[in-house]
Amino acid sequence: MFKDPIRSSMSSAQDPQLAAFELAAELNDSELGFVLFFCSAEYNLQALSVALTTAFPGVRLAGCTTAGELTPRGYDQGTVTAIGFDRNLFSIEVGLVEALDQFTLTEAQSLIDALVAGCQQRRVAPIKGHTFALTLLDGLSSQEELVLLTLDSVLGSIPHFGGSAGDDIHLTGTHVYYDGEFRTRAAVVIMVNTPLDFEVFTTHHMRSLEQKLVVTQADPATRTVYELNAEPAAIEYARQLGLNPEELDYRVFALNPLAVRIGQEYYVRSIQKVNPDMSLTFYCAVENGIVLTAMQPEAMLPNLAQRFEAIEQTLGKPLITIGCDCFLRRLEAEYTEHTQETSEFLVDHNVIGFNTYGEQFDGMHLNQTFTGVVIGRTANEF
């Protein structure tokens with residue numbers, strides 16, 4: 001058994017074979033049962049796939065491309081980072097969802113039943129109360145809402161979270177990895193069963209403002225909003241901020257998000273880009289008639305620290321936190337000159353993960369959140 005039942009590793013080598021070798025040097029062990037990885041889209045993905053399969057013979061792997069990596073040294077880019085799980089304390093099963101736009105309840109039920117049955121076979125822990133699911137989705141598929149809602153309907157009491165794969169903000173091709181191959185227009189569902197304590201969580205640092213924008217013309221299928229307040233969307237959004245449409249960029253989007261209110265909670269709907277016709281494309285589906293509320297970021301790091309402190313009071317210092325952190329949060333940290341201290345916080349709390357094009361929490365598709373799972377050190381300290 002590992003000294004710790006979870007290990008993390010990273011490589012900044014640009015050669016796929018060397019990168020895979022460096023990961024394997026730290027993670028390979030006779031008790032290694034599963035490897036979860038997150039990699040820059042700048043790699044030659046076919047070569048990286050071959051290299052990883054060679055470096056981890058007989059070990060199941062799953063992962064995705066990123067808009068930045070959260071590694072053992074904090075915020076990173078152009079790297080690959082990985083987590084190795086001990087087979088004695090983790091029973092992990094992986095499934096693939098293809099044809100995302102046709103994913104049915106029947107297919108979801110069959111998938112989850114198979115994953116649960118696979119976890120039960122290893123008998124590391126009862127399913128109830130000891131299992132969570134992690135979903136990695138093609139971040140340019142525009143199908144997160146459908147897939148997550150369908151999965152949520154069949155997962156029952158099993159908590160789940162995840163992130164949408166990125167491609168270093170090129171917006172040209174995002175990939176998930178399953179069974180030796182990087183795939184587009186697909187999702188990977190990872191079921192994790194363990195006797196160790198854990199907590200799945202989400203947090204954001206936004207506060208609502210008074211300004212409201214009504215979506216008066218939109219196409220939810222393409223996540224395009226054509227009109228806000230019966231005016232061209234980009235022009236009206238810019239006007240609310242006292243800007244010209246040509247001034248709209250990632251910095252503006254990160255620091256001036258919009259959100260939809262559901263119950264007492266606000267859920268951010270981040271803007272992806274301005275289109276030539278002055279429409280706006282979002283990272284989440286936005287429907288006609290929805291009222292969007294202007295939001296303003298508060299201090300990001302105190303919010304994150306407060307959330308981690310509350311969890312760690314229960315679980316103790318984490319073995320690891322698997323984190324899905326919106327890439328707009330990372331940009332915000334850069335714009336506000338808090339990158340270094342945020343990176344140091346992630347290192348201090350053993351966060352490994354990636355910057356996403358969207359986050360997932362119990363069936364909801366989110367933006368500009370930090371969402372993940374904290375895994376504790378209990379189970380009689382292994």
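When reading the values below, keep in mind they use all heavy atoms of this one structure, side chains included, and skip hydrogens, waters and symmetry mates. Predicted model only: the values in this text are computed from it and were never measured.
- Nearest approach of Leu32 to Arg87, heavy atoms of both residues: O-NH2, 2.7 Å.
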- Using the side chain to side chain donor-acceptor pair (under 3.5 Å) rule, take Tyr226 and Asp277 through it: C-alpha gap first, then chi angles, then the decisive distance, then the call. CA-CA 8 Å; Tyr226 294 98; Asp277 63 356; 5.3 Å; no
- For Tyr237 and Val225, run side chain to side chain contact (heavy atoms under 4.5 Å, CB included): C-alpha distance rounded to whole Å, both residues' side-chain angles, the deciding distance at 0.1 Å, then the answer. CA-CA 11 Å; Tyr237 173 70; Val225 174; over 6 Å; no
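- Using a 4.5 Å heavy-atom cutoff, the side chains of Thr65 and Leu45 are in contact.
- Counted by atom type alone, Ser270 and Gln368 present one or more donor-acceptor pairs between their side chains at under 3.5 Å.
- The minimum heavy-atom distance linking Gly74 with Val347 is given by the pair N-CG2, 3.3 Å.
- No side-chain heavy atom of Phe370 sits less than 4.5 Å from a side-chain heavy atom of Cys324.
- In this structure, Glu145 pairs ionically with Arg223, as a charged nitrogen and a carboxylate oxygen lie closer than 4.0 Å.
- Leu100 and Leu366 fall into different hydrophobic clusters, defined by Ile, Leu, Val, Met, Phe, Trp and Tyr side-chain heavy atoms under 4.5 Å apart, directly or through other members.
- For the pairing with Ser40, the side-chain hydrogen bond (donor to acceptor under 3.5 Å, both in side chains) check across Asp167, Thr66, Asp168 returns one residue only, Asp168.
- Glu181 and His175 form no side-chain donor-acceptor contact under 3.5 Å, judged by distance and modelled atom types alone.
- Between Tyr75 and Ala333, the shortest heavy-atom distance links the atoms CE1-CB, 4.4 Å.
- Within the 4.5 Å cutoff, side-chain heavy atoms of Leu292 are placed close to those of Ile290.
- Val252 places a side-chain heavy atom less than 4.5 Å from the side chain of Leu241.
- For the 3.5 Å distance criterion, the side chains of Ser110 and Asp113 fail to qualify, holding no donor opposite an acceptor.
- In this structure, Arg7 and Ile83 have side chains that are not in contact, with every pair of non-hydrogen atoms separated by 4.5 Å or more.
- A 4.5 Å side-chain heavy-atom check between Gln143 and Arg185 finds at least one atom pair inside the cut-off.
- More than 12 heavy atoms of other residues, nucleotides or ligands lie within 6.0 Å of NZ in Lys212, so this atom counts as buried by the packing criterion.
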- Phe327 and Tyr250: CA distance, side-chain angles, deciding distance, ring-ring contact (aromatic ring centres under 6.0 Å, His included) verdict: CA-CA 10 Å; Phe327 85 96; Tyr250 282 127; 5.7 Å; yes
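- Interatomic distance, Asn355 CG to Leu70 CG, rounded to the nearest 0.5 Å: 5.0 Å.
- Closest of all the heavy-atom pairs between Thr131 and Pro126 is OG1-O, 4.2 Å.
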- Task: Could you go through the side chain to side chain contact (heavy atoms under 4.5 Å, CB included) check for Val154 and Leu105 one step at a time?
- Result: CA-CA 7 Å; Val154 301; Leu105 278 171; 4.1 Å; yes
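- Note that CZ of Phe38 is 11.5 Å distant from OG1 of Thr79, once rounded to the nearest 0.5 Å.
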- Item | Audit row: Arg307, Glu199, salt bridge (Lys or Arg N to Asp or Glu O under 4.0 Å) steps and yes/no | CA-CA 11 Å; Arg307 194 71 182 89; Glu199 183 170 336; 3.7 Å; yes
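- Under 4.0 Å is where a charged nitrogen must lie from a carboxylate oxygen, and between Arg73 and Asp76 at least one such pair does.
- Under 3.5 Å, the side chains of Thr104 and Thr106 contain no donor-acceptor pair of N or O atoms.
- Under the 4.5 Å side-chain heavy-atom criterion for grouping Ile, Leu, Val, Met, Phe, Trp and Tyr, Leu171 is not connected to Leu137 through any hydrophobic cluster.
- At a threshold of 4.5 Å between non-hydrogen side-chain atoms, the residues Ile320 and Ser8 count as touching.
- Surrounding CD of Glu287 are at most 12 heavy atoms belonging to other residues, nucleotides or ligands under 6.0 Å away.
- Residue Thr81 holds its OG1 atom at 4.5 Å from CD1 of Ile352, rounded to the nearest 0.5 Å.
- Checking side-chain atoms of Gln14 against main-chain N and O of Ser12 turns up a donor-acceptor pair under 3.5 Å.
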- Query: Given the rule in the ring-ring contact (aromatic ring centres under 6.0 Å, His included) test, do Phe361 and Phe201 qualify, once you have shown the distances and angles that lead to the verdict?
  - Reply: CA-CA 8 Å; Phe361 181 74; Phe201 72 99; 8.3 Å; no
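- Under the 4.5 Å side-chain heavy-atom criterion for ILVMFWY residues, a single connected hydrophobic cluster contains both Leu248 and Val215.
- The distance from the CZ atom of Arg60 to the CG atom of Leu36 is 12.5 Å, given to the nearest 0.5 Å.
- In this structure, CG on Leu228 lies 8.5 Å from CD on Gln240, to the nearest 0.5 angstrom.
- In this structure, Arg269 fails the cation-pi test against Phe282, since its NZ or CZ atom is not both closer than 6.0 Å to the six-membered ring centre and inside 45 degrees of the ring normal.
- Within 6.0 Å of CD on Gln306 lie no more than 12 heavy atoms contributed by other residues, nucleotides or ligands.
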- Item | Full working for side chain to side chain donor-acceptor pair (under 3.5 Å) between Glu359 and Thr371 | CA-CA 7 Å; Glu359 306 78 60; Thr371 299; 5.2 Å; no
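- Using a 4.5 Å cut-off on side-chain heavy atoms (C-beta onward), Asn367 and Leu328 make no contact.
- Between atom OG1 of residue Thr369 and atom CG of residue Asn303 there is a gap of 10.5 Å, rounded to the nearest 0.5 Å.
- Within 6.0 Å of CD on Gln46 lie no more than 12 heavy atoms contributed by other residues, nucleotides or ligands.
- Note on Phe253: it clusters hydrophobically with Leu331, by side-chain heavy-atom contacts below 4.5 Å among ILVMFWY residues.
- Of the options Val189, Ile190, Leu134, a side-chain contact (heavy atoms from CB on, under 4.5 Å) to Val94 is made by Ile190 and by none of the others.
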- Could you please spell out the steps behind the side chain to side chain contact (heavy atoms under 4.5 Å, CB included) verdict for Ile375 and Thr194? CA-CA 10 Å; Ile375 301 176; Thr194 179; 5.5 Å; no
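- Follow the hydrophobic side-chain contacts under 4.5 Å out from Val286 and you reach Tyr267 in the same cluster.
- For the 3.5 Å distance criterion, the side chains of Ser164 and Glu144 qualify, holding a donor opposite an acceptor.
- Residues His338 and Thr336 bring a donor and an acceptor atom of their side chains to less than 3.5 Å of each other.
- When all heavy atoms of Leu140 and Thr174 are compared, the closest pair comes out as N-OG1, 3.3 Å.
- A ring pair (Phe, Tyr, Trp, His ring centres under 6.0 Å) with Phe90 holds for exactly one of Phe34, Phe85, Phe198; it is Phe85.
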- Query: Going through the checks in order, is the side chain to side chain donor-acceptor pair (under 3.5 Å) test met by Asp152 and His160?
  - Reply: CA-CA 8 Å; Asp152 191 60; His160 58 114; 2.9 Å; yes
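- Between Glu312 and His349, the shortest heavy-atom distance links the atoms OE2-ND1, 2.7 Å.
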- Message: side chain to side chain donor-acceptor pair (under 3.5 Å), that's the test. Do Glu236 and Asn229 meet it? Break it down for me.
- Response: CA-CA 7 Å; Glu236 180 65 6; Asn229 296 341; 3.0 Å; yes
